[in-house]
Amino acid sequence: VVSWTTMVVAYADHGKHEEAKFLFDRMPTRDMVAWNAMIQAYARNGQLEQAKQMFDAMPERNVVSWTSMLQLYASSGHFQGASTMYKSMPERNLVAWNSLISAYGQSGNLETAKATFDSMKERNTISWTAMLQAYAQNGHLEGAKTMFDGMPERDSVSWVIMLQAYAQKGSLESAKKLFQTMPEKNMVSWTAFLSACAESGDLEATKATFDRMPERNVVSWTTMLQAYARAGDLEFARSVFDSMPQRNLVSWTTMLQAYAQEGHVDEAKAL
RNA sequence: UGGCACGCAAAU
């Protein structure tokens, strides 16, 4: 049953929920982990209806099943459904609570998110970061900063979210200062900072950051490409595009959009 | 020692 479940998850990870379901149906035995994995397979591919059917059909449910549904409702914008799930959960754990904070944050319900956070008997870094993000998403820089400063521990995710909070407020300077004090920088934090530079419109800073990066992936390359594109620098944009070690759908779309934006129909078509 | 759920980066 473990091998079968591994296969189901593998298909789900590649967006193939129908194949996942085909395998699931052929499993000789299914335990709760298998059922939960199948719910997640649908959830990851946005199949709310199907996920709900699995949830209703399963012989028994645990806290993972309930939490998965809560998250799915929240991520689909069905906050009422998420709330209903939460209320009907027979048991709750830290993950469930954290998911609820995120759900409230996404729905703009800051007060309730904070009330939830305050009422928790245990919190981990994810709880703090989810609350930090809730403030940031809703434009409350002060609240975000209070969370960030008050956290017992910060990891790279919390740093990145705080950095984005500054960047969203147009404060590249604060973002830069924060980035400089970040203890361990990884590809995501570098790219997040790169993106902050790009969004500020400071092309020099963007290029300088890009050149200083210890390593780059397709996301960082595309961010650099986008920086030139939004500045209307089609030549540079194209040379970045041509130099990229890899391209994906997003990088192609960025290049295409750059041409379209500037009215270069022929190049767009050729691309 | 193996399988499921929570918080981060790029385009539309």
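Labels below follow one simple rule: chain letters A, B, ... track the order of the sequence lines, proteins then strands, and each chain is numbered from 1.
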Could you tell me whether [X] contacts a base, only the sugar-phosphate backbone, or nothing, with contacts defined as non-hydrogen atoms closer than 4.0 Å?
| X | value |
| --- | --- |
| A:Ala258 | nothing |
| A:Asn248 | base |
| A:Ser251 | nothing |
| A:Thr222 | base |
| A:Thr67 | base |
| A:Val1 | base |

Starting at [atom1] of [X] and ending at [atom2] of [N], how long is that distance when rounded to a whole Å?
| X | N | atom1 | atom2 | value |
| --- | --- | --- | --- | --- |
| A:Trp221 | B:A9 | CH2 | P | 22 Å |
| A:Met147 | B:C8 | CE | C1' | 18 Å |
| A:Arg61 | B:C4 | CZ | P | 21 Å |
| A:Arg123 | B:C6 | CZ | P | 21 Å |
| A:Trp35 | B:G3 | CH2 | C1' | 17 Å |
| A:Leu249 | B:A11 | CG | P | 13 Å |
| A:Met7 | B:G3 | CE | C1' | 12 Å |
| A:Trp159 | B:A9 | CH2 | P | 18 Å |

With the side chain of [X] defined as its heavy atoms from C-beta on, choose the nearest nucleotide among [options].
| X | options | answer |
| --- | --- | --- |
| A:Val63 | B:A11, B:C6, B:A5 | B:A5 |
| A:Val95 | B:G2, B:C6, B:A11 | B:C6 |
| A:Ile126 | B:A9, B:C6, B:C8 | B:C6 |
| A:Ala130 | B:G7, B:A11, B:A5 | B:G7 |
| A:Gln71 | B:G7, B:A11, B:A5 | B:A5 |
| A:Val157 | B:A5, B:A10, B:C8 | B:C8 |
| A:Gln133 | B:C8, B:G3, B:C6 | B:C8 |
| A:Ser99 | B:A5, B:C6, B:G3 | B:C6 |
| A:Thr125 | B:G3, B:G7, B:A5 | B:G7 |
| A:Gln226 | B:A10, B:A5, B:G7 | B:A10 |

[N] base / [X] side chain donor-acceptor hit below 3.5 Å:
| X | N | value |
| --- | --- | --- |
| A:Asn124 | B:G7 | no |
| A:Asn93 | B:A5 | yes |
| A:Thr6 | B:G3 | no |

Output field: ring centroids A:Phe55/A:Trp66 closer than 6.0 Å:
yes
So, for A:Phe241 and A:Trp221, is the gap between ring centers shorter than 6.0 Å?
no
Which atom names give the shortest non-hydrogen contact between A:Ile101 and A:Thr116, and what distance separates them?
CG1-CG2, 4.0 Å
No-hydrogen, no-angle side-chain donor-acceptor test under 3.5 Å, [X] and [Y]:
| X | Y | value |
| --- | --- | --- |
| A:Tyr228 | A:Arg238 | no |
| A:Asp242 | A:Ser239 | no |
| A:Gln261 | A:Gln257 | yes |

Exceeds 12 heavy-atom contacts within 6.0 angstrom, atom CD of A:Glu18
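At most 12 heavy atoms, drawn from other residues, nucleotides or ligands, come within 6.0 Å of this atom.
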